[in-house]
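The structure appears below as structure tokens.
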Amino acid sequence: MFLRDAAGSFYNIVVVALSAGIALLLPSGARQFLALWSRVEHDKLSLIIVEMIVAVLLIGCFSYIRRSMRDRVLATAAAGAGLVSFFPRRARRAQRHIQRLKEEQGTGRTIMVIGSSGYSTFVDQVGDLSSVLDKCLGAKILLVNPYSQEAIARIEAIAHPEYTLAAFREEVRQSISLLKRLKAMGKAVKLKLYADSPLVKMLILGDYLWLQHYHAGLDIRSMPEYVLRHNRQDHGFYTLYAHYFEQRWENTDFPEYDFDTDELVYRNRAGSETRRERFENEAVEEAGTYAEAVR
């Protein structure tokens, strides 16, 4: 706060000093300009050069004004849609800005996440939420079921030597282990597993929402990241994606993970429990079913 106030005061001082300097130099500058113009107006070549320079300056000024008006329209549209920032690449400065904003918005709040394995988000020490989880109040997390047929088909389609099905399942297990520790610390952590292919990586922290798109052939870390902010009109993309998260979270086809028993708990629309299945047992059965279907 002190540095911000000092910078504001210094800016005002600089503006006043420049204004005084321009006022003092204006009379002598005007005399020199009139003397120069009296020589130029009798020289046709110099006059043509001056006219060309003025024309170029006018073209540049009008182009700048038109571009500024267009950018203002786009900025107004982005503000109405709730778009705050766009990061095509994860530059170091952008990473610091994103991390600081996430820490500010995540303190004492319930975070909401849609992801794939959750490893790069939770477990990795340089992950998106590695330092935010300790300060949050609770979490609602949707991750891919690593034993679903969609997950198996997606990873096999990628056919990357380092991105194997076993590695993906291990990443999910490490994410679950971390969430177990958070729950043991007293945080209200809930995890649900969805079976279809991941579409977006989404994080909701307070009035801000971070969004990335999963691409079949590209690493999620290379995809652009959008930051949306909730506005009072409720007509921005924040409201749309927050509603999308709620729909996914309330989907009864997605079981909740019981951290105490390592079971998948299925519930009906009323919230009543309908059945339980062992996570590992279901894994073996679904993997076998998929193998038979491929044959």
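For reference, positions follow the sequence shown, starting with 1. These numbers come from the heavy atoms of this one structure, side chains and all, not from hydrogens, waters or symmetry mates.
Considering every non-hydrogen atom in both Ala139 and Thr110, the closest pair reads N-CG2, 4.0 Å. Between Glu150 and Ser197, the shortest heavy-atom distance links the atoms OE1-OG, 3.3 Å. Closest approach of Tyr244 and Met202 over heavy atoms only: CD2-CE, 3.9 Å. The two residues Phe259 and Val189 make their nearest non-hydrogen contact at CE1-O, 3.7 Å.
Under the 4.5 Å side-chain heavy-atom criterion for grouping Ile, Leu, Val, Met, Phe, Trp and Tyr, Leu205 is connected to Trp249 within one hydrophobic cluster. Hydrophobic clustering places Val54 together with Phe62 (ILVMFWY residues linked when any side-chain heavy atoms are closer than 4.5 Å, directly or through intermediates). Linking ILVMFWY side-chain heavy atoms closer than 4.5 Å, directly or via other members, places Met185 and Leu178 in a single hydrophobic cluster. Note on Ile49: it clusters hydrophobically with Leu57, by side-chain heavy-atom contacts below 4.5 Å among ILVMFWY residues.
Under the side chain to side chain contact (heavy atoms under 4.5 Å, CB included) criterion, Thr252 pairs with Arg269, sequence neighbours left out. Checked against salt bridge (Lys or Arg N to Asp or Glu O under 4.0 Å), Arg248 has the following partners two or more places apart in sequence or in another chain: Asp196. Partners of Glu170 by side chain to side chain contact (heavy atoms under 4.5 Å, CB included), not counting sequence neighbours, listed by chain and number: Arg173, Gln174. Checked against salt bridge (Lys or Arg N to Asp or Glu O under 4.0 Å), Lys187 has no partners two or more places apart in sequence or in another chain. In this structure Glu51 satisfies the side-chain hydrogen bond (donor to acceptor under 3.5 Å, both in side chains) test with no other residue, sequence neighbours excluded.
One N or O on the side chain of Arg278 and one on the backbone of Thr261 form a donor-acceptor pair closer than 3.5 Å. Between the side chain of Gln212 and the backbone N or O of Met223, at least one donor-acceptor pair lies under 3.5 Å. Not one N or O on the side chain of His230 forms a donor-acceptor pair closer than 3.5 Å with the backbone of Tyr208.
Comment: Glu256 engages Arg267 in a salt bridge, judged by a side-chain N to carboxylate O separation of less than 4.0 angstrom.
Within the 4.5 Å cutoff, side-chain heavy atoms of Tyr257 are placed close to those of Leu264. By the 4.5 Å heavy-atom criterion applied to side chains, Tyr194 and Val144 are counted as neighbours. Contact check for Asp71 versus Arg67: side-chain heavy atoms found under the 4.5 Å cut-off. At a threshold of 4.5 Å between non-hydrogen side-chain atoms, the residues Val56 and Ile53 do not count as touching. Under the 4.5 Å side-chain criterion, counting only non-hydrogen atoms from C-beta, Lys180 is in contact with Asp262. At least one side-chain heavy atom of Glu277 sits under 4.5 Å from a side-chain heavy atom of Tyr266.
No more than 12 heavy atoms of other residues, nucleotides or ligands sit less than 6.0 Å from atom CZ of Phe237.
Distance check: Leu83 CG to Leu209 CG gives 11.0 Å after rounding to the nearest 0.5 Å. Atom CG of Leu193 is separated from atom CZ of Phe279 by 5.5 Å, given to the nearest 0.5 angstrom. In this structure, Ile13 CD1 and Leu18 CG are separated by 12.0 Å, a value rounded to the nearest 0.5 Å. Separation of atoms CG (Leu211) and CD1 (Ile204) is listed at 9.5 Å; rounding is to 0.5 Å. Expressed to the nearest 0.5 Å, how far OH of Tyr241 lies from CG of Leu228 amounts to 7.5 Å. Distance check: Arg229 CZ to Asp207 CG gives 8.5 Å after rounding to the nearest 0.5 Å.
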Might you work through the side-chain contact (heavy atoms from CB on, under 4.5 Å) test for Leu182 and Leu179, ending with a clear yes or no?
-> CA-CA 5 Å; Leu182 291 175; Leu179 297 177; 4.1 Å; yes
Scan the side chains in residues 111-118 for donor-acceptor partners under 3.5 Å anywhere in the protein, sequence neighbours excluded, and list what turns up.
residue : atom : partner : partner atom : Å
Ser117  : OG   : Tyr119  : N            : 3.3
Ser117  : OG   : Glu171  : OE1          : 2.9

